[in-house]
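Here's the structure, in structure tokens; my notes come after.
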Amino acid sequence: MGKKLFIVLVILMSLSLIGIIFVQSFFINNSLENEEKNFTLSVTRALSFVSRDIEDFEIKKYYSLIQPYIADNREPDSTIIRQLYITTDDEVNDETIIHRNTVLEERFKVPSLFFEIDTDSIDISSFTNERITEYYNKSRLDGNNLSIKPERILREFSKLPEIDKQSYEASFKTLLKSVPIHKRITSLYVKTLLNRHLRDEGVDLEYEFAIYDNDLATKIQTLNFDKNPETTIGIPVFLDNNDESNYTLYVDFPERKKYLLSSILWMVVLSIVFTGIIILAFSSAIHQLIKQRKISQIKTDFINNMTHEFKTPIATINLALDAIRNPKIISDQDKVKRYLGMIKDENKRMHAQVENVLRISKLEKNELNISKERIELHDLVEDAITHVELIVEDRKGYVKTHLNAVKSSVLANETHFTNVIVNILDNAIKYSDNAPKIDVYTENIGNSIILKIADQGNGMSKQVAKRVFEKFYREHTGNVHNVKGHGLGLAYVKRIVEDHQGYISVESEKGKGSIFNIKLPLIS
């Protein structure tokens, strides 16, 4: 996969993920706003019912108080009668029709104590309407003599109850307008109404309430009420005849936000879970893409390095064989032996490279059989140094030992752990431009032994030191292959140390050398 295509795919996937998160956030926020609107609407509707019931309760209360004073069986304090007579002649039926409409006004005195006003009593009038229509035979009727009985009578009677009710209600609203609020209603009754109507609207939440006179709090309120312009919901109560009022009933819900969030909690949880899964899958996909791309690059570098390293010994072997074929050379036994030695050395070198590749492959498949036995680590160090001392001497360098550990018995495989030490020593030699200077230290710390191999070579950067134990990894030096290798040696070293329940790390500074630390458990 090309670099540009890879970047485009990552950008598109990132934008898609951001889009999904944005849509989920928008949907959740929109749902929360809808829940808040529905909550406010339900509370407002409940408050309107409470306001209506408060007014109805007050009207009914005062109406019931004055009802005994205007009952039908009670004598009024004064009476006024008004009558209207209408006389017509029906020529067709030879009749005279007399219609009489009587309005009776009965006045009653009611104590003003009911209305909390500063007068002894108030007058309340009750109206009764009677309508009578009489039909007389015109031929029998003599002038205006109405002593003759009518042929038939039509009588209608009504007390106008709806009109009375409306009249009383309008009057009560006017009279009670100046009465203090705490004498008109109680907190307990308001709370009872609120409980009933909020429950009917599906609002099951703790609340605080208060009735305000304009902007001033009244005695009708709960102890913990706190008016909050953002969350408090209010509605006018005790409306007058003009549908206006100075009083407002406010309700506040301290746990409103939690209540609204709980209503969409399942949606939020599912969105977070699914979005988390998408993010995890996306991150994993990106990680795998980057990892595969790195592996692809590393494999390409590995093939290039292996090809380069095989070219030199193959070319050397070919040249040596061509030289041996020369009749002048084949007769010279010393030169033939020299060329044969070169062929053998180059063959060993290629064989060692192939062995390293096979070792790593077997380690990854857990097919490498590593048997361990009790061994003195100091003996392994001395043995490993003998493998490289000729090369070090040839380059005018040294390997010094500082074996200060009192105890050095470990459980290890002699062959593989010797290879571990040789690999590190070989790296110290290869990555020293000048004469290799190597110091090997051992010391005991607790129940462990620490093996340090320090060189004064080229060293490496911190970025390289972090990845130096990765398979196939080599520090990039452009197309210059001044140091032979394929990035398998230290990967092999790390796997073997870990298989021995040990730990390996490296400390390095560019231009000043490196220190490899190996920690192994001791056995008694």
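All residue numbers in this chain count up from 1 along the given sequence.
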- Message: To the nearest 0.5 Å, what is the distance between CD on Glu55 and CZ on Phe238?
- Response: 7.5 Å
- Query: So does Glu206 have more than 12 non-hydrogen atoms from other groups sitting under 6.0 Å from CD?
  - Reply: no
- Query: Would you say Asn30 has more than 12 foreign heavy atoms packed within less than 6.0 Å of its CG?
  - Reply: yes
- Message: With rounding to the nearest 0.5 angstrom, report the CD1 to CG distance, Ile233 to Asn228.
- Response: 11.0 Å
- Query: How long is the span from the CG atom in Asp226 to the OH atom in Tyr250, to the nearest 0.5 Å?
  - Reply: 13.0 Å
- Note on the structure: Sorted by chain and residue number, the side-chain hydrogen bond (donor to acceptor under 3.5 Å, both in side chains) partners of Asn38 (sequence neighbours excluded) come out as none
- Under 3.5 Å, is there a donor-acceptor pair between the Ser271 and Gln24 side chains? yes
- Query: Is there a donor-acceptor pair closer than 3.5 Å between any side-chain N or O of Thr248 and the backbone N or O of Tyr212?
  - Reply: no
- Who passes side-chain contact (heavy atoms from CB on, under 4.5 Å) against Ile523, sequence neighbours left out? Arg374, Ser409, Leu411
- Item | Pair Tyr207-Asn195, side-chain donor/acceptor within less than 3.5 Å | yes
- Message: So, taking the atom named CZ in Phe22 and the one named CG in Leu17, what distance separates them when rounded to the nearest 0.5 Å?
- Response: 14.0 Å
- Message: Go through it in stages, so that I can follow the logic: the residues are Ile21 and Ile279, the test is side chain to side chain contact (heavy atoms under 4.5 Å, CB included), and I'd like the CA-CA distance, side-chain angles, deciding distance and then a yes or no.
- Response: CA-CA 9 Å; Ile21 295 173; Ile279 292 174; 4.0 Å; yes
- Is the CZ atom of Phe282 crowded by more than 12 outside heavy atoms at less than 6.0 Å? yes
- Item | Aromatic plane relationship, His500 with Phe417 - under 30° parallel, 30 to 60° tilted, over 60° perpendicular | perpendicular
- Kindly give the heavy-atom pair with the smallest separation between Ser508 and Met460, and that separation in Å. OG-N, 2.8 Å
- Item | Atom of Ala46, atom of Leu198 and distance for their closest heavy-atom approach | CB-CD2, 3.8 Å
- Ala210 to Gln221 - nearest heavy-atom pair and separation: CB-CB, 3.3 Å
- Message: Just verifying a value: how many Å separate Arg52 CZ and Phe57 CZ, rounded to the nearest 0.5 Å?
- Response: 14.5 Å
- Item | Contact summary for Gly446 and Leu522, nearest pair of heavy atoms | O-CD1, 4.4 Å
- Query: Regarding His416 and Asp499, is there a side-chain donor-to-acceptor distance under 3.5 Å anywhere?
  - Reply: no
- Message: A side-chain contact here means heavy atoms from C-beta on lying under 4.5 Å apart; do Arg256 and Thr40 qualify?
- Response: yes
- Hey, mind stepping through Phe49 and Asp200 against side chain to side chain contact (heavy atoms under 4.5 Å, CB included) and telling me if it holds? CA-CA 11 Å; Phe49 292 143; Asp200 291 344; over 6 Å; no
- Message: Main chain of Ala281, side chain of Ser284: is a donor-acceptor contact present, judged purely on distance under 3.5 Å?
- Response: no
- So, for Lys452 and Ile515, which heavy atoms are closest and what is the spacing to 0.1 Å? CB-CG2, 4.4 Å
- Message: Within the structure provided, determine whether Phe253 and Val203 are in side-chain contact (heavy-atom separation under 4.5 Å).
- Response: yes
- Message: Atom CZ of residue position Phe27 - does it have more than 12 heavy atoms of other residues, nucleotides or ligands inside 6.0 Å?
- Response: no
- Heavy-atom nearest pair, Ile185 first then Ile220, reads O-CD1, 3.3 Å
- Message: A quick test of your reading: do over 12 heavy atoms of other residues, nucleotides or ligands sit less than 6.0 Å from CG of Asn214?
- Response: yes
- Got a donor-acceptor contact below 3.5 angstrom from the Ser51 side chain to the Leu47 backbone? no
- Query: In terms of heavy-atom contacts, does NZ of Lys191 have more than 12 from other residues, nucleotides or ligands at under 6.0 Å?
  - Reply: yes
- Item | Verdict with reasoning, Ile518 to Val420, per side chain to side chain contact (heavy atoms under 4.5 Å, CB included) | CA-CA 10 Å; Ile518 298 176; Val420 166; 4.0 Å; yes
- Task: Applying side chain to side chain contact (heavy atoms under 4.5 Å, CB included), run through Leu490 and Asn423 and close with a yes or a no.
- Result: CA-CA 7 Å; Leu490 290 179; Asn423 261 291; 5.6 Å; no
- Query: Which distance, rounded to the nearest 0.5 Å, do you find between the CD of Glu208 and the OG1 of Thr222?
  - Reply: 3.5 Å
